Protein chains: 2
Amino acid sequence: MQKAERITMLKEERFQVILNQLGQDQKVLLSGLSDILKVSEDTVRRDIKELADQGLLKSVRGGAVPHAPGPHNFKDRVEYGNDQKKVIANKALRFLKDGQVVIFDGGTSAMLIAQALPKDIRLTVVTNSFPIASILEEHDKVEVLFAGGRLLKSSFVTIGHETIQYFKKFRADICFFGICSIHSELGVTGPDYEESEVKRAMVESSREVIALSTIEKLGTAEAYYICPTNQLTTIVTDQPDDMSDFNIYKEMGIRMV
Amino acid sequence: MQKAERITMLKEERFQVILNQLGQDQKVLLSGLSDILKVSEDTVRRDIKELADQGLLKSVRGGAVPHAPGPHNFKDRVEYGNDQKKVIANKALRFLKDGQVVIFDGGTSAMLIAQALPKDIRLTVVTNSFPIASILEEHDKVEVLFAGGRLLKSSFVTIGHETIQYFKKFRADICFFGICSIHSELGVTGPDYEESEVKRAMVESSREVIALSTIEKLGTAEAYYICPTNQLTTIVTDQPDDMSDFNIYKEMGIRMV
DNA sequence: GTATATATTGCAATAATTTGCAGTATTAAA
DNA sequence: TTTAATACTGCAAATTATTGCAATATATAC
């Protein structure tokens, strides 16, 4: 510690820088951050560990990678791609019918669907997302079944073994699935291990699986496997459904919207 | 305090300056504020602590950063100002130690305890209450395990078989127990069937059971049985502990506070 | 008005946290 | 296996936080 310098940077500022950097590059290196922040690599390592404990990123050897898709501050994420996602959410709505049992995952796309739900629809909703449960408070005819588990404070969803077990008990009509990577051969994949595990359980408990995706996520893959692509029954995107890329999926019996 | 100078700056003025500065720079330093406000760093620190208690900012080492509220609003629904209950909540706090596993029930009393928790306490909290989970968002060292089940929208707690099963898996150190009726012979009872079932599971999973009660609930009973009175280890009330009524319970080995 | 209680503030001593560094263990790659 | 990089551990120095206390200011009662 150099008394002479007195560069006063709060730990929280470093956190902010790290998360920003991470949102921008999808990865950060200890060496790079140490350089930018003018602190030792040890300190960066400790910072990353702390952020990882909060579930805001994932610590890996030599640096860190994002824990959740897209931007990493929840508040930002809600607004991110809002219009685009709203379009998708409204398209997805038409698949819902009165009396169905529906699983919502914890992503922001599913939140937008929940927000777009008519106030008087009658549903049973199974979810692991606090925000979604909160949104559904005003829907008198919607029964909410909430999956228990360890609370991930960054996104306010529950994860872990308990959560998975909870979903496995159901046989839902529809599962709405936040934006993941979809690849015709590699299947549906996600960037986070635990979340992907939960999503797999959701898929396996649903008769119909509707994946919400943006065009740039189609044909890409990430680290953690969720399910084979042909387990999806519908893919909802914001693009017109006459694109050539879609044929691969259509041939697998998946409806494109 | 300099008598010669007589610069009388009210505490509220300092608060205003601090908050302005914070809004402008997204951070404030103790050193900087001490300089601007012409008061010692200790005073600034105390000011920041007070503002943090009001939730207007977040106190961090060396200064403060803006308070970032999450995407949920359960916290706001907490009814403030029940002084009687606040007194009880503060009395109950002293039983908590770092590292313990604690069960909180869904009542408002337990909520007040959660609110009174020091921000840096290290705990594992098991609960079925959304508001409590929400309150604990800011407690970085508190791990929240949430019990799944059917969501009761009126009070935002989960209930039912699943919830009970979840609690049964734990062996907690302490269970905090909202205000129920306590009768020396009829036991602890509650007004709602399902909630009482859940509470019974909570009690059975805890080594120590601390019941919060007001004096008028002692010696009364309600429709649904929860547990025998002697299963309680402590009863916390807002009354001085020398009342004759207390002896009945003391003789059962229950500590009265 | 005075006197007493209450709250605020600064100061000093002590406790806790943060940070960098050095040494050691562990991991990944050649 | 060997080698280089990364991670972990303990420790010391610097910084910050907490606590008790005394001095002063403010409020309240008399």
Side-chain angles (χ1 to χ4, degrees), chain A residues 1-18 21-22 27-54 56-65 193 223, chain B residues 1-19 21-22 27-54 57-65 67 83 90 93-94 96-99 116-123 138-142:
Chain A
M1 289 288 248
Q2 300 298 46
K3 189 179 186 179
E5 286 296 323
R6 267 304 256 261
I7 309 173
T8 345
M9 188 164 199
L10 298 174
K11 192 165 60 166
E12 280 64 25
E13 293 183 81
R14 290 202 311 267
F15 287 3
Q16 208 56 52
V17 171
I18 293 173
Q21 202 75 18
L22 190 57
K27 73 169 182 185
V28 287
L29 301 176
L30 289 181
S31 52
L33 287 174
S34 165
D35 205 35
I36 295 171
L37 300 171
K38 315 286 186 205
V39 293
S40 73
E41 294 199 2
D42 292 74
T43 301
V44 176
R45 194 175 288 117
R46 278 183 275 232
D47 285 351
I48 285 179
K49 189 166 181 234
E50 206 170 326
L51 290 169
D53 285 342
Q54 293 180 37
L56 295 172
L57 50 72
K58 190 179 171 191
S59 172
V60 297
R61 188 178 177 85
V65 294
Y193 171 68
Chain B
M1 287 294 253
Q2 300 299 43
K3 191 178 186 178
E5 286 296 324
R6 279 293 274 275
I7 309 173
T8 4
M9 190 166 200
L10 298 175
K11 192 162 64 165
E12 277 66 25
E13 295 183 72
R14 291 202 311 268
F15 285 3
Q16 209 53 54
V17 173
I18 294 173
L19 292 175
Q21 201 76 18
L22 188 60
K27 73 159 183 181
V28 287
L29 303 176
L30 288 180
S31 52
L33 287 174
S34 165
D35 207 34
I36 295 171
L37 299 171
K38 315 289 185 202
V39 293
S40 72
E41 294 200 358
D42 292 73
T43 301
V44 177
R45 198 175 285 117
R46 278 183 276 233
D47 286 351
I48 284 179
K49 193 173 179 185
E50 204 169 326
L51 290 169
D53 284 341
Q54 294 178 38
L57 48 73
K58 186 176 178 195
S59 171
V60 299
R61 186 181 174 87
V65 293
H67 172 70
D83 289 340
N90 277 315
L93 261 188
R94 74 177 79 148
L96 278 173
K97 293 186 191 70
D98 246 41
L117 280 178
K119 290 276 189 291
D120 61 343
I121 194 170
R122 192 168 53 81
L123 290 178
E138 292 165 34
H139 298 71
D140 295 337
K141 295 177 186 169
V142 173

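To find a chain, count down the sequence lines: A is the first, B the second, and so on, and within it residues start at 1. Please read all numbers here as calculations on a predicted model, not as lab measurements.
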Discussion item. Run R14(A) and M9(A) through side chain to side chain contact (heavy atoms under 4.5 Å, CB included) and show every step you take.
Written reply: CA-CA 7 Å; R14(A) 290 202 311 267; M9(A) 188 164 199; 4.1 Å; yes

Discussion item. In whole Å, I'd like the distance from the CG atom of L10(A) to the P atom of dT19(C).
Written reply: 10 Å

Response to the item:
From CG of L37(B) across to C1' of dT9(C) the rounded distance in Å is 13 Å

Practice prompt. Let me know the distance between CD of E41(A) and P of dA7(D), rounded to the nearest Å.
Written response: 8 Å

Worksheet entry | From T43(A) atom OG1 to L33(A) atom CG, the distance as rounded to the nearest 0.5 Å | 11.5 Å

Worksheet item: Whole Å only: how far is the CG atom of D47(B) from the P atom of dT9(C)?
Response: 7 Å

Worksheet item: Side-chain N or O of R45(B) less than 4.0 angstrom from OP1 or OP2 on dC11(C)?
Response: no

Worksheet, complete the sentence: Its contact letters, B for base, S for sugar-phosphate only and - for none at protein heavy atoms under 4.0 Å, make nucleotides 24-30 of chain C read ---BS--

Fill in: Among dT9(C), dG20(C), dA7(D), the one nearest R46(A) by side-chain distance
dG20(C)

Fill in: Nearest-nucleotide 5' precedence on DNA chain C, S40(A) against D42(B)
D42(B)

Worksheet entry | L30(B) vs R45(B), side chain to side chain contact (heavy atoms under 4.5 Å, CB included): CA-CA, chis, key distance, verdict | CA-CA 7 Å; L30(B) 288 180; R45(B) 198 175 285 117; 3.4 Å; yes

Discussion item. Tell me the interatomic distance from K38(B), atom NZ, to dT9(C), atom P, rounded to whole angstroms.
Written reply: 16 Å

Worksheet item: Of L30(B) and S31(A), whose closest DNA chain D nucleotide lies nearer the 5' terminus?
Response: S31(A)

Item to complete: To the nearest Å, give me how far apart CE (M9(A)) and P (dT15(D)) are.
Response: 18 Å

Fill in: N/O donor-acceptor pair under 3.5 Å between Q21(B) side chain and I18(B) backbone
no

Fill in: L33(B) CG - dA17(D) C1' separation (whole Å)
16 Å

Worksheet item: Are the side chains of E12(A) and K27(B) in touch, meaning some heavy atoms are under 4.5 Å apart?
Response: no

Discussion item. Regarding S31(A) and S34(A), do their side chains bring together a donor and an acceptor under 3.5 Å, going by distance alone?
Written reply: no

Discussion item. Please pick, from dG10(C), dA17(D), dT19(C), the nucleotide with the shortest atom-to-atom distance to any side-chain atom of V39(B).
Written reply: dG10(C)

Item to complete: Could you tell me whether the side chain of L57(A) reaches within less than 4.5 Å of the side chain of V65(A), counting heavy atoms only?
Response: no

Discussion item. Let me test you: for the helix from dG1(C)-dC30(D) to dA30(C)-dT1(D), what is the angle between the axes at its two ends (five pairs each), rounded to 10 degrees?
Written reply: 40°

Fill in: Nearest heavy-atom neighbours spanning A64(B) and L22(B)
O-CD1, 3.6 Å

Fill in: K11(A)/D47(A) under side chain to side chain contact (heavy atoms under 4.5 Å, CB included): CA gap, chis, key distance, verdict
CA-CA 8 Å; K11(A) 192 165 60 166; D47(A) 285 351; 4.0 Å; yes

Fill in: Rounded distance (Å) that lies between atom P of dT18(C) and atom CZ of R14(A)
10 Å

Practice prompt. Scan V44(A) against the nucleic acid and name what it touches under 4.0 Å (heavy atoms): base, sugar-phosphate only, or nothing.
Written response: nothing

